[in-house]
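Fair warning: this is a prediction, and the values are worked out from it, not measured in the lab.
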Amino acid sequence: MKENAVITIISITIIVLNMMMIIVLDIKNAIMMATMAEVTTVTMAEVTTVTMAEIMVATMAEVTAVTMAEITAATMAEVTAVTMAEVTVVVKDVAAVGAGCFNLINN
């Protein structure tokens with residue numbers, strides 16, 4: 001009888017220990033899942049933030065460079081055209097004055 005009781009107690013102990021092991025494993029899995037979810041969320045947020053910042057910096061640099069090049073080209077073309085037109089008028093005026101002086105001297 002005592003042997004049966006000892007075997008029963010040992011069997012119950014093994015069953016309880018197995019149940020406790022299952023509970024511990026479930027708790028560990030729950031903690032791992034929560035940890036992985038948090039790590040993934042934080043990592044993705046940081047990666048997204050850094051990537052978007054780098055993309056914005058590169059895009060703004062490129063847009064600024066292209067815009068400034070276009071503005072400079074347009075401005076220089078306009079300034080050159082206006083300056084050349086004014087210089088042409090002045091040269092014609094100087095030529096006319098020179099011709100008038102030449103006529104006065106030779107007459």
Side-chain angles (χ1 to χ4, degrees):
M1 288 298 258
K2 286 184 179 181
E3 294 169 358
N4 288 340
V6 170
I7 292 172
T8 304
I9 291 172
I10 291 173
S11 298
I12 291 172
T13 304
I14 290 172
I15 291 170
V16 169
L17 288 174
N18 283 336
M19 288 173 41
M20 289 174 63
M21 183 61 78
I22 291 170
I23 291 170
V24 167
L25 288 174
D26 285 346
I27 292 171
K28 182 193 78 128
N29 287 339
I31 290 171
M32 287 300 293
M33 291 296 288
T35 303
M36 287 305 294
E38 187 173 345
V39 166
T40 302
T41 302
V42 170
T43 303
M44 287 306 293
E46 288 180 2
V47 166
T48 303
T49 302
V50 170
T51 304
M52 288 306 293
E54 289 177 358
I55 289 171
M56 287 302 295
V57 167
T59 304
M60 287 306 294
E62 190 172 338
V63 167
T64 302
V66 170
T67 305
M68 289 307 293
E70 289 177 359
I71 289 172
T72 302
T75 304
M76 288 306 293
E78 188 173 340
V79 166
T80 302
V82 170
T83 304
M84 289 307 293
E86 291 177 358
V87 167
T88 302
V89 169
V90 170
V91 168
K92 286 182 180 178
D93 288 346
V94 168
V97 170
C101 290
F102 183 76
N103 287 337
L104 286 174
I105 294 171
N106 286 329
N107 287 335

For this session: For V50, check side-chain contact (heavy atoms from CB on, under 4.5 Å) against everything at least two apart and list the hits.
Result: E54
Indicate every side-chain donor-acceptor pair of residues 76-92 with a distance under 3.5 Å to a residue at least two apart or in another chain.
| residue | atom | partner | partner atom | Å |
| --- | --- | --- | --- | --- |
| T80 | OG1 | M76 | O | 2.6 |
| T83 | OG1 | V79 | O | 2.6 |
| T88 | OG1 | M84 | O | 2.6 |

Please output the side-chain donor-acceptor pairs of residues 24-34 that fall under 3.5 Å, not counting sequence neighbours, one pair per line with the distance.
| residue | atom | partner | partner atom | Å |
| --- | --- | --- | --- | --- |
| N29 | ND2 | L25 | O | 3.3 |

Exercise. Linking Ile, Leu, Val, Met, Phe, Trp and Tyr through side-chain heavy atoms less than 4.5 Å apart, which residues share a cluster with M56?
Worked result: none
Problem set entry | By side-chain contact (heavy atoms from CB on, under 4.5 Å) - contacts of V47 (at least two apart) | T43, T51
Only pairs under 3.5 Å count here: list side-chain donor-acceptor contacts from residues 12-22, not counting sequence neighbours, and write none if there are none.
| residue | atom | partner | partner atom | Å |
| --- | --- | --- | --- | --- |
| T13 | OG1 | I9 | O | 2.7 |
| N18 | ND2 | I14 | O | 3.4 |

